[in-house]
Amino acid sequence: ITTHTKTKPKILYIELLNQPCNYYYDIIHYLEKETILKTAYENIDEEIKLFMPDYIIVGFGITNCGTRKPTLNLRNCAVPVYIILNKEYVALDSKLEWIKEQKPLCVFTVHHDYLKYELACNIPFRRIMWSADNLIFKKYNNNYSYDVFFQGVIRNEQTDNLRLKIYNNLKK
């Protein structure tokens, strides 16, 4: 995200305050540390007025909303919006409907069906990787030996017997 001026763009990153994972915010904050503000969407209208951002990024916690449609409304916002789509396997149609209503400049997703979403919404979608190099992982041919990588989350239910889980799945 760049502006045509010599100053860094001011970015307002909207996220749920109780969102446990700050992966994308941390990346953006590292690159734009002087010009980013993270806020909860409950105060969004006031934050936009006070901070006067050049761009708004909607964090993936907003689309991590279970089986319902996200409730954030930026339809009347005069600031360009980008959305990070999350949990594409739950309530996707509702989320895509919400995205079309928001009219963002672009939507980012880790899902490989991003072009299908782009066609459905008539909005540009870009695939971003969670924490893997897509030049190495998720190839659809057999020109590589391994498809094991760190997913980015460390919770007990995921790491219990991790070596055994990897070993038992090597043939997959």
- Taking C-beta and beyond as the side chain, do Ile44 and Leu74 meet within less than 4.5 Å on heavy atoms? yes
- Message: Looking at Thr67 and Ala91, would you say the former's side chain and the latter's main chain have a donor-acceptor pair under 3.5 Å?
- Response: no
- Under 6.0 Å between ring centres, would you say that holds for His111 and Tyr117? yes
- Message: Within the structure provided, determine whether Ile84 and Tyr13 are in side-chain contact (heavy-atom separation under 4.5 Å).
- Response: yes
- Query: Going hydrophobic residue to hydrophobic residue with side-chain gaps under 4.5 angstrom, can you get from Leu105 over to Phe108?
  - Reply: yes
- Task: Flag the pair Ile56 / Cys77 as yes when at least one side-chain heavy-atom distance between them is below 4.5 Å, and no otherwise.
- Result: yes
- Answer whether the closest heavy-atom distance between the side chains of Tyr55 and Pro9 falls below 4.5 Å. yes
- Note on the structure: So salt bridge (charged side-chain N to carboxylate O under 4.0 Å, His left out) across residues 78-99, not counting sequence neighbours, yields Lys69-Glu97
- Message: For Glu118 versus Arg126, what's the shortest heavy-atom pair and its separation?
- Response: OE1-NH1, 3.3 Å
- Message: If hydrophobic clusters are built from ILVMFWY residues whose side chains come within less than 4.5 Å, do Leu115 and Leu92 share one?
- Response: yes
- Student check: side-chain heavy atoms of Val79 and Pro53 closer than 4.5 Å: yes
- Note on the structure: Applying side chain to side chain contact (heavy atoms under 4.5 Å, CB included) to Leu50 and not counting sequence neighbours gives Glu46
- Item | side chain to side chain contact (heavy atoms under 4.5 Å, CB included) partners of Cys121, counting only residues at least two apart | Leu96, Ile99, Lys100, Ile123, Phe125
- Could you tell me which residues satisfy side chain to side chain contact (heavy atoms under 4.5 Å, CB included) with Arg68, sequence neighbours excluded, listed by chain and number? Cys65
- Query: Could you walk me through whether Arg127 and His112 pass the side chain to side chain contact (heavy atoms under 4.5 Å, CB included) check?
  - Reply: CA-CA 7 Å; Arg127 185 164 188 229; His112 63 275; 4.2 Å; yes
- Message: Applying side chain to side chain contact (heavy atoms under 4.5 Å, CB included) to Asn73 and Gln102, what does each step give before you reach the verdict?
- Response: CA-CA 7 Å; Asn73 181 0; Gln102 304 310 306; 4.0 Å; yes
- Message: Quick check: closest heavy atoms across Thr63 and Pro70, and the distance to 0.1 Å?
- Response: CG2-CG, 4.1 Å
- Message: Going by side chain to side chain donor-acceptor pair (under 3.5 Å), name the residues that satisfy it together with Tyr114, two or more places apart in sequence or in a different chain.
- Response: none
- Query: Roughly how far, to the nearest 0.5 Å, is the CD1 atom of Ile62 from the CG atom of Leu72?
  - Reply: 5.5 Å
- Does the side chain of Asp54 reach to within under 4.5 Å of the side chain of Ile11, using non-hydrogen atoms? no
- 4.5 Å side-chain heavy-atom contact, Ile83 and Trp98: yes
